[in-house]
Amino acid sequence: MDPGLQRARSPGAPGPDPAMHVPPEPVASHLGTTTRNYFCFTTATLALCLIFTVATIMVLVVQRTDSIPSPPDNFPLKGGNCSEDLLCILKRAPFKKTWAYLQVSKHLNNTKLSWNKDGIIHGVRYQDGNLVIQFPGWYFIICQLQFLVQCSNHSMDLKLELLVNTEVKKQALVTVCESGIQTKNIYQNLSQFLLDYLPVNTTISVMVDKFQYVDTNTFPLENVLSVFLYSGSD
């Protein structure tokens, strides 16, 4: 600018507004602030939802636990570690209408296993190795067997099958004595479980192809079949 014009300017004239010389903030800065605010809001909302969900689950669990009656202590059966744990769970469970806990018979002569009739049976009928359903609904079926095998010079397959009526629903298979080396004894556990909807008069049974190896002497209380009504249709 010409020096004469600069001197001619009135001393009292206002200078240019400083705000006019401040460069505007970039658009990306505004977008970043908005994104951070949205992220914080979303995180806080999810945290509140999670806290509410956990609190609801805890209330339901407490209510369900309080509704479980104290189990009687006059159950005649008592097993080892595994079967005793299962029996304790069944005794303390909220279902009391329909359940069964049976131990395998010591006199096995068929691939279809038979069970001691003096087991715990409520709302289920036992007949010729079968548990017969009396109330429709969703049932848990649990079977555990202990095998004792004396290996020879060849391998052997042990198989457990859970049958609903005449259909195999679940099976467990293991091969023992694969090394071909003769040993004194091999202990093998097989277990299987099933959740299925069962109408009235449905039968439940267990098949074992090599029933002669089911150990009814060393671990007689570890061979169990248990069934309980998880959710009824009524």
Side-chain angles (χ1 to χ4, degrees), residues 71-93 98-134 139-152 154-177 182-194 198 202-229:
D73 294 327
N74 56 352
F75 284 85
L77 297 179
K78 184 177 178 64
N81 293 334
C82 297
S83 61
E84 186 177 15
D85 291 342
L86 176 59
L87 181 58
C88 290
I89 293 174
L90 294 175
K91 288 168 60 178
R92 289 167 172 78
T98 303
W99 66 292
Y101 180 87
L102 300 175
Q103 294 176 342
V104 74
S105 172
K106 284 183 173 294
H107 307 288
L108 300 177
N109 56 7
N110 200 312
T111 55
K112 180 180 178 179
L113 299 186
S114 57
W115 308 87
N116 292 329
K117 297 180 180 180
D118 59 351
I120 304 171
I121 300 179
H122 295 286
V124 185
R125 183 164 54 90
Y126 177 77
Q127 180 181 3
D128 299 330
N130 298 319
L131 284 174
V132 185
I133 300 300
Q134 304 297 300
Y139 283 81
F140 264 119
I141 307 170
I142 307 169
C143 182
Q144 173 186 271
L145 296 176
Q146 300 285 347
F147 293 84
L148 174 59
V149 179
Q150 184 172 4
C151 292
S152 57
H154 61 276
S155 62
M156 181 184 306
D157 292 333
L158 302 175
K159 183 168 63 173
L160 179 158
E161 296 178 332
L162 283 180
L163 284 80
V164 174
N165 293 325
T166 57
E167 180 183 358
V168 177
K169 288 287 189 174
K170 279 291 189 70
Q171 64 180 359
L173 175 67
V174 65
T175 300
V176 297
C177 307
Q182 294 186 0
T183 57
K184 292 183 178 180
N185 295 316
I186 286 183
Y187 294 94
Q188 180 66 50
N189 173 282
L190 281 182
S191 60
Q192 191 57 271
F193 71 93
L194 170 68
L198 305 179
T202 299
T203 61
I204 302 169
S205 58
V206 179
M207 300 282 288
V208 175
D209 55 348
K210 296 179 174 59
F211 62 89
Q212 65 272 23
Y213 294 110
V214 176
D215 186 12
T216 59
N217 296 316
T218 309
F219 302 106
L221 304 180
E222 296 297 327
N223 302 300
V224 296
L225 172 64
S226 180
V227 176
F228 66 87
L229 178 63

Side chain to side chain contact (heavy atoms under 4.5 Å, CB included) for Phe147 and Val214? Distances and angles first, verdict last. CA-CA 4 Å; Phe147 293 84; Val214 176; 3.7 Å; yes

Heavy-atom pair of closest approach, residues Val149 and Cys177: CG1-SG, 4.0 Å

If you define the side chain from C-beta out and look only at heavy atoms, does anything of Asn217 sit under 4.5 Å from Asp215? yes

If you round to the nearest 0.5 Å, how far is SG of Cys143 from CG of Leu190? 9.0 Å

CD (Gln150) with more than 12 external heavy atoms under 6.0 Å: no

At what distance, to the nearest 0.5 angstrom, does CD1 of Ile120 lie from CD of Gln103? 8.5 Å

Keeping Asn130 on the side-chain end and Val132 on the backbone end, is there a donor-acceptor pair under 3.5 Å? no

The ring pair (Phe, Tyr, Trp, His ring centres under 6.0 Å) partners of Phe140 (sequence neighbours excluded) come to Phe228, Tyr230

So Val208 and Tyr213, side chain to side chain contact (heavy atoms under 4.5 Å, CB included) or not? Walk me through it. CA-CA 9 Å; Val208 175; Tyr213 294 110; over 6 Å; no

Interatomic spacing from CG in Leu163 to CE in Met207 - rounded to 0.5 Å: 6.0 Å

CD1 of Ile121 to OH of Tyr101: how many Å apart, nearest 0.5 Å? 13.0 Å

Can you run down the salt bridge (Lys or Arg N to Asp or Glu O under 4.0 Å) pairs that involve residues 162-174, sequence neighbours left out, and say none if there aren't any? Glu167-Lys169, Lys169-Asp196

Taking Tyr126 for the side chain and Gly119 for the main chain, is one N or O donor matched with an acceptor at less than 3.5 Å? no

Do Val124 and Ile204 come close enough that some side-chain heavy atom pair is under 4.5 Å? no

Would you find more than 12 non-hydrogen atoms of other residues, nucleotides or ligands less than 6.0 Å from Asp128 atom CG? no

Test item: Ser205 side-chain N/O and Leu162 main-chain N/O as donor-acceptor pair under 3.5 Å: no

For Leu145, the option from Leu158, Val224, Asn223, Leu225 that meets side chain to side chain contact (heavy atoms under 4.5 Å, CB included): Asn223

Looking only at heavy atoms, which two atoms of Leu108 and Phe211 are closest? And how far apart? O-CE1, 3.6 Å

Going by atom types only, do Lys106 and Asn116 share a side-chain donor-acceptor pair under 3.5 Å? no

CG (Asn189) and OG (Ser191) are apart, to the nearest 0.5 Å, by 5.0 Å

Report the C-alpha distance between Asn185 and Thr218 in whole Å, list the side-chain angles of each, state the deciding distance to 0.1 Å, and finish with yes or no for side chain to side chain contact (heavy atoms under 4.5 Å, CB included). CA-CA 12 Å; Asn185 295 316; Thr218 309; over 6 Å; no

Could you measure the distance from the CG atom of Leu198 to the CD1 atom of Ile133? Nearest 0.5 Å is fine. 5.0 Å

Please assess Gln144 against Glu222 for the test side chain to side chain donor-acceptor pair (under 3.5 Å), listing each intermediate value before the final yes or no. CA-CA 7 Å; Gln144 173 186 271; Glu222 296 297 327; 3.3 Å; yes

For the residue pair Ser105 and Leu113, establish whether any side-chain heavy-atom pair is separated by less than 4.5 Å. no

Spell out, as yes or no, whether a donor-acceptor pair under 3.5 Å connects the side chain of Gln192 to the backbone of Gln171. yes

